[in-house]
Each structure stands twice: as C-alpha cells, then as structure tokens.
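Remarks on the structure that follows.
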Amino acid sequence: MVIKVFIASSSGSTAIKKQQQDIMGFLTVNKIDFEECDIVTSEDNRKWMRENVPEDFRPTTGVPLPPQIFNEEQYCGNYEAFFDAREEHAVYAFLGLTAPLGSKEAEALARQEHQ
C-alpha cells in the first residue's frame, strides 16, 4: 500500500506550502512510505486528484486544493482531517495502516480492546 500525497510544488499560498511540509515531514519522521504526486507538473495527477476526492469532501465552490491524501485509490482526507487524526494519535487509522507496536496509537487501541 502506498500513501499518496497530492501537492502543488509551486503554490502561491504559504498556508498550503506549510500544510504540505507538515504532512510530508510527519510521514518521513515516522518512516511511513509515501509518494509525492505533484499536481503542478502533472496534468494526470491534477485530474486524478480532482476526480477522486469524494463529493462530500469537495469545497462548495471551486475544486479540491492540495494537500490531499490517499492510500492507493482510497481517499483518506485533506490537511484538516490529517491534523485532527494526528492530535488524536490516530494517523495510522486515518491512513488505513496498522499502527506499529509501541506507538501511542497502538497502545491506545490495545487499551480499548481490553476494556
């Protein structure tokens, strides 16, 4: 399974740049394999991202903006959803991955199972 992070390499938005860096930095530090999919340099990436963000998660006007996160073809969410999952120590579940043993997320799941 490959996590795909759709980004804009030349975004004029400082907020979008920071969000992209935050996601990719987290994935790198936690040794989660991911593929960076640039929607600026690849029309295919741009088209695929826009077509595969579910209707419920699209802005009411305009098109979905990066960063958008997928696990293969499965939509995970945008930056806000990633941020919420990180705050709740649930990033692996958010990404559709198994939390590694010893992680806060794995420990929280183990506690829930024993209750």
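Along the sequence shown, residues carry numbers from 1. Atom set for the values below is all heavy atoms of this structure, side chains included, hydrogens, waters and symmetry mates excluded. This structure is a prediction, so every number in the text was calculated from the model and none was measured.
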Problem set entry | Polar side chain donor-acceptor pair, Q68 to Y75, under 3.5 angstrom |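 Their side chains do contain a donor-acceptor pair, which is all the 3.5 Å distance test asks for.
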Exercise. Is I16 linked to F82 within one hydrophobic cluster, defined over Ile, Leu, Val, Met, Phe, Trp and Tyr using a side-chain heavy-atom separation of less than 4.5 Å?
Worked result: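 No, I16 and F82 fall in different hydrophobic clusters.
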For this session: For the pair D22 and R86, evaluate salt bridge (Lys or Arg N to Asp or Glu O under 4.0 Å) and give the outcome as yes or no after the intermediate values.
Result: CA-CA 11 Å; D22 190 25; R86 191 175 61 190; 2.8 Å; yes
Problem set entry | Min side-chain heavy-atom separation D38-F6 under 4.5 Å |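 Sidechains of F6 and D38: no contact.
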Exercise. Should Y92 and P100 count as side-chain neighbours, where that means a heavy-atom distance under 4.5 Å?
Worked result: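 In short, these two side chains touch, coming nearer than 4.5 Å.
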Exercise. For R58, what residues pass the salt bridge (charged side-chain N to carboxylate O under 4.0 Å, His left out) criterion, not counting sequence neighbours?
Worked result: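 R58: salt bridge (charged side-chain N to carboxylate O under 4.0 Å, His left out) contacts with E55.
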Exercise. Of all residues at least two apart in sequence or in a different chain, which pass the salt bridge (charged side-chain N to carboxylate O under 4.0 Å, His left out) check with E72?
Worked result: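 Partners of E72 by the salt bridge (charged side-chain N to carboxylate O under 4.0 Å, His left out) criterion come out as none, since no residue qualifies.
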How many angstroms lie between atom [atom1] of [X] and atom [atom2] of [Y], to the nearest 0.5 angstrom?
X   : Y   : atom1 : atom2 : result
W48 : F70 : CH2   : CZ    : 4.5 Å
D44 : M49 : CG    : CE    : 13.5 Å
I3  : C37 : CD1   : SG    : 11.0 Å
Q20 : S13 : CD    : OG    : 8.5 Å
F34 : M24 : CZ    : CE    : 6.0 Å
Y79 : L65 : OH    : CG    : 15.0 Å

Exercise. How about Q74: does its CD atom have over 12 heavy atoms from other parts shown lying under 6.0 Å from it?
Worked result: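 Atom CD in Q74 is not packed in, count stays at 12 or less.
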For this session: Looking only at non-hydrogen atoms, find the nearest pair between C76 and N71 and report the distance.
Result: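 For C76 and N71, the tightest heavy-atom pair comes out as SG-N, 3.5 Å.
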For this session: Report the C-alpha distance between I69 and N78 in whole Å, list the side-chain angles of each, state the deciding distance to 0.1 Å, and finish with yes or no for side chain to side chain contact (heavy atoms under 4.5 Å, CB included).
Result: CA-CA 6 Å; I69 307 165; N78 60 14; over 6 Å; no
For this session: Would you sort out whether E73 and K4 count as a side chain to side chain contact (heavy atoms under 4.5 Å, CB included), showing the intermediate values?
Result: CA-CA 9 Å; E73 315 296 311; K4 296 178 181 177; 4.0 Å; yes
Problem set entry | Identified side-chain contact (heavy atoms from CB on, under 4.5 Å) counterpart of I7 within the set Q21, K17, E36, Q19 |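 So the option named by the test is E36.
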